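Small disclaimer: the values here were computed from a predicted structure and weren't measured. Side chains are part of it too, since the values below use all heavy atoms of this structure and drop only hydrogens, waters and symmetry mates.
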Amino acid sequence: MEAYIDEYTDFMARVCHKSENTVESYRRDVLQYLTYLKELGITNIKKTTKTTVLSYLLNLKKKGRATSTMSRALASLRSFYLYLLQNGSVDTDPTVSLMAPPVEKKPPKVLSNEEVDVLLEQPRLSDNKGIRDKAMLEVLYATGIRVSELIGLNVGDVNVQLGFVRCHNSKSERTVPMGHKAVNALKLYIETSRAAMIKDENESALFVNCSGSRMSRQGFWKVIKQYQHSAGIEKEITPHSLRHSFAAHLVENGADLQSLKEMMGHADISSTQIYTCFVDEKIRSVYEHAHPRA
């Protein structure tokens, strides 16, 4: 059954134009499902039924997987079975009419303003790596763009004179403003460190590693962890933490959701509304400190 995997992922990437991260996520989910089928002794995908898929989801639940994980797994299996149905590998789609478990939207974990300040002050500006890291962290927090968008930026996607970055893919494009601290950090990096780090003058990547090629997600993850440790911040920090912190801090200070939606590149306003919880927390805090009988 694993023979279907390569053809399926190629279909997702080439025909459905899914991103590399999405394709890899679907591939991982389907492989885990096929491993489960093997454990049940099922070697023919045509032998699977609605009960088979349900039992797999229940198995995930028994293992303590989050409802979000189960919902994503079902979405991956829907896509996989639809592909198999279209190419005639199965006669029916057992995922039809299956409902995904409701996903509880938890408030994202964010850094306080003080924690952001400490984290962003960690890179030393005495070497090229530190100057690059400072620019990456400042741009990420100033714009709230995704890490994949950050490392995907090319030199032509930034304008330090006007103070904005342009994020784009095959489906959409958006322009996000930057504050003066991010602009200054980025300008210093472009004018000094990047020129020293690249090996090929034709390199288009804005942020490069010590080998002179485009920075990877794994490489930036190590950067974040390094500065979390040096800052002495015990709270778990991921590259996405600065995106969440960007959004939460804007909402706390009065930014409207529609503008925030546009800046973050959300397809639907519901994805942005999760940050309204920080407004509620701020209002409660003000009330508790100001009301004489709170």
query = Where do L137 and Y141 land on the side-chain contact (heavy atoms from CB on, under 4.5 Å) test, with the steps shown first?
reply = CA-CA 6 Å; L137 292 173; Y141 177 63; over 6 Å; no
query = What's the verdict on side-chain contact (heavy atoms from CB on, under 4.5 Å) for M178 and L186, showing C-alpha distance, side-chain angles and the deciding distance?
reply = CA-CA 10 Å; M178 293 184 290; L186 189 55; 3.9 Å; yes
task = In sequence, state the C-alpha distance, the side-chain angles, and the governing distance for Q122 and V118, and then conclude on side-chain contact (heavy atoms from CB on, under 4.5 Å).
result = CA-CA 7 Å; Q122 293 308 303; V118 172; 3.7 Å; yes
message = If you apply the rule side-chain contact (heavy atoms from CB on, under 4.5 Å), what do you find for V53 with L98, and how did you get there?
response = CA-CA 9 Å; V53 178; L98 285 181; 3.6 Å; yes
inquiry  = With ring pair (Phe, Tyr, Trp, His ring centres under 6.0 Å) as the criterion, how do Y83 and F11 come out once you've worked through the C-alpha distance, each side chain's angles and the decisive distance to 0.1 Å?
reply    = CA-CA 8 Å; Y83 164 75; F11 172 80; 5.1 Å; yes
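In plain terms, the two heavy atoms of S216 and I151 that are nearest each other are C-CD1, 3.9 Å. For A185 against A135, the heavy-atom pair with the smallest separation is O-CB, 3.6 Å. A pairwise comparison of heavy atoms in T52 and K47 identifies OG1-O, 4.5 Å as the closest pair. Residues Y227 and G130 come closest through the heavy atom pair OH-CA, 4.3 Å. Taking all atoms of both residues into account, the shortest heavy-atom contact from G152 to D157 is O-OD2, 4.3 Å. Taking all atoms of both residues into account, the shortest heavy-atom contact from L250 to M263 is CD1-CE, 3.8 Å.
Residue V15 is grouped with residue M12 when hydrophobic side chains (ILVMFWY) are merged at heavy-atom distances under 4.5 angstrom, including chains of intermediate members. There is a path of hydrophobic side-chain contacts, each under 4.5 Å, that joins L125 to F207. Criterion: ILVMFWY side-chain heavy atoms under 4.5 Å apart, direct or through other members. Under it, L54 and Y81 are part of a common hydrophobic cluster. Residues Y4 and L31 fall within the same hydrophobic cluster, defined by Ile, Leu, Val, Met, Phe, Trp and Tyr side chains chained together at heavy-atom separations under 4.5 Å. Taking hydrophobic clusters as Ile, Leu, Val, Met, Phe, Trp and Tyr residues chained together by side-chain heavy-atom distances below 4.5 Å, F164 does not share a cluster with Y189.
Looking only at atom types and distance, the side chain of N21 has no donor-acceptor partner in the side chain of S19 under 3.5 Å away. If you check the side chains of S79 and Y8, you find a donor sitting under 3.5 Å from an acceptor. Side-chain N/O atoms of N209 and S213 include a donor and acceptor closer than 3.5 Å. With hydrogens and angles left out, the side-chain atoms of N154 and R214 include a donor and acceptor closer than 3.5 Å.
Shown here are the salt bridge (Lys or Arg N to Asp or Glu O under 4.0 Å) partners of R124, two or more places apart in sequence or in another chain: there are none. Take T35 and apply the side-chain hydrogen bond (donor to acceptor under 3.5 Å, both in side chains) test, not counting sequence neighbours, and it matches no residue. Remark: E149 engages R146, R174 in a salt bridge (Lys or Arg N to Asp or Glu O under 4.0 Å) (not counting sequence neighbours). Shown here are the salt bridge (Lys or Arg N to Asp or Glu O under 4.0 Å) partners of K225, two or more places apart in sequence or in another chain: E236. Every salt bridge (Lys or Arg N to Asp or Glu O under 4.0 Å) that R27 has, sequence neighbours left out, goes to D6.
For E115 (side chain) and S112 (main-chain N/O), a donor-acceptor pair under 3.5 Å exists by modelled atom type. Side chain of K235 to backbone of V110: a donor-acceptor contact under 3.5 angstrom is found. Side chain of S71 to backbone of T67: a donor-acceptor contact under 3.5 angstrom is found. Panel note: side chain R132, backbone V208; a donor-acceptor pair is recorded below 3.5 Å. Counting only distance, with no hydrogens or angles, the side chain of S245 and the backbone of L111 share a donor-acceptor pair below 3.5 Å. Counting only distance, with no hydrogens or angles, the side chain of N184 and the backbone of H180 share a donor-acceptor pair below 3.5 Å. In this structure, T92 contributes its side chain and P94 its backbone to no donor-acceptor pair below 3.5 Å. Looking only at distances, a side-chain donor or acceptor of T143 sits under 3.5 Å from a matching main-chain atom of V139.
Contact check for I45 versus L37: side-chain heavy atoms found under the 4.5 Å cut-off. At least one side-chain heavy atom of D29 sits less than 4.5 Å from a side-chain heavy atom of S25. Considering only heavy atoms from C-beta on, L257 comes within 4.5 Å of T272 through its side chain. Contact of the V155 side chain with the R194 side chain is registered, since non-hydrogen atoms from C-beta on lie closer than 4.5 Å. Taking 4.5 Å as the limit, every side-chain heavy atom of P123 sits out of range of all side-chain heavy atoms of M136. With contacts defined as side-chain heavy-atom distances shorter than 4.5 Å, the pair K61/L57 does not qualify. In this structure the side chain of V158 reaches within 4.5 angstrom of the side chain of I190, judged on heavy atoms. Looking at heavy atoms from C-beta onward, S148 lies in side-chain contact with R217 at the 4.5 angstrom threshold.
Taking CD1 of I233 as the start and CD of E114 as the end, the distance is 11.0 Å to the nearest 0.5 Å. Residue I224 holds its CD1 atom at 6.0 Å from CG of L119, rounded to the nearest 0.5 Å. To the nearest 0.5 Å, the span separating NE2 on H249 from CG on L242 amounts to 9.5 Å. Interatomic distance, CE of M264 versus NE2 of H266, reported as 4.0 Å (0.5 Å rounding). A distance of 11.5 Å separates CD in E20 from OG1 in T9, rounded to the nearest 0.5 Å. To the nearest 0.5 angstrom, L34 atom CG is 8.5 Å from L77 atom CG.
The ring-ring contact (aromatic ring centres under 6.0 Å, His included) pairs that include a residue from residues 26-78 are Y33-Y56, Y36-Y56, where partners are two or more places apart or lie in different chains.
No more than 12 heavy atoms of other residues, nucleotides or ligands sit less than 6.0 Å from atom NZ of K18. For K261, the NZ atom is densely surrounded, since the number of other residues' heavy atoms within 6.0 Å is greater than 12. Residue K199 places its NZ atom among more than 12 non-hydrogen atoms of other residues, nucleotides or ligands, all under 6.0 Å distant.
One finds a salt bridge joining K134 and E138 here, because a Lys/Arg side-chain nitrogen approaches an Asp/Glu carboxylate oxygen to under 4.0 Å.
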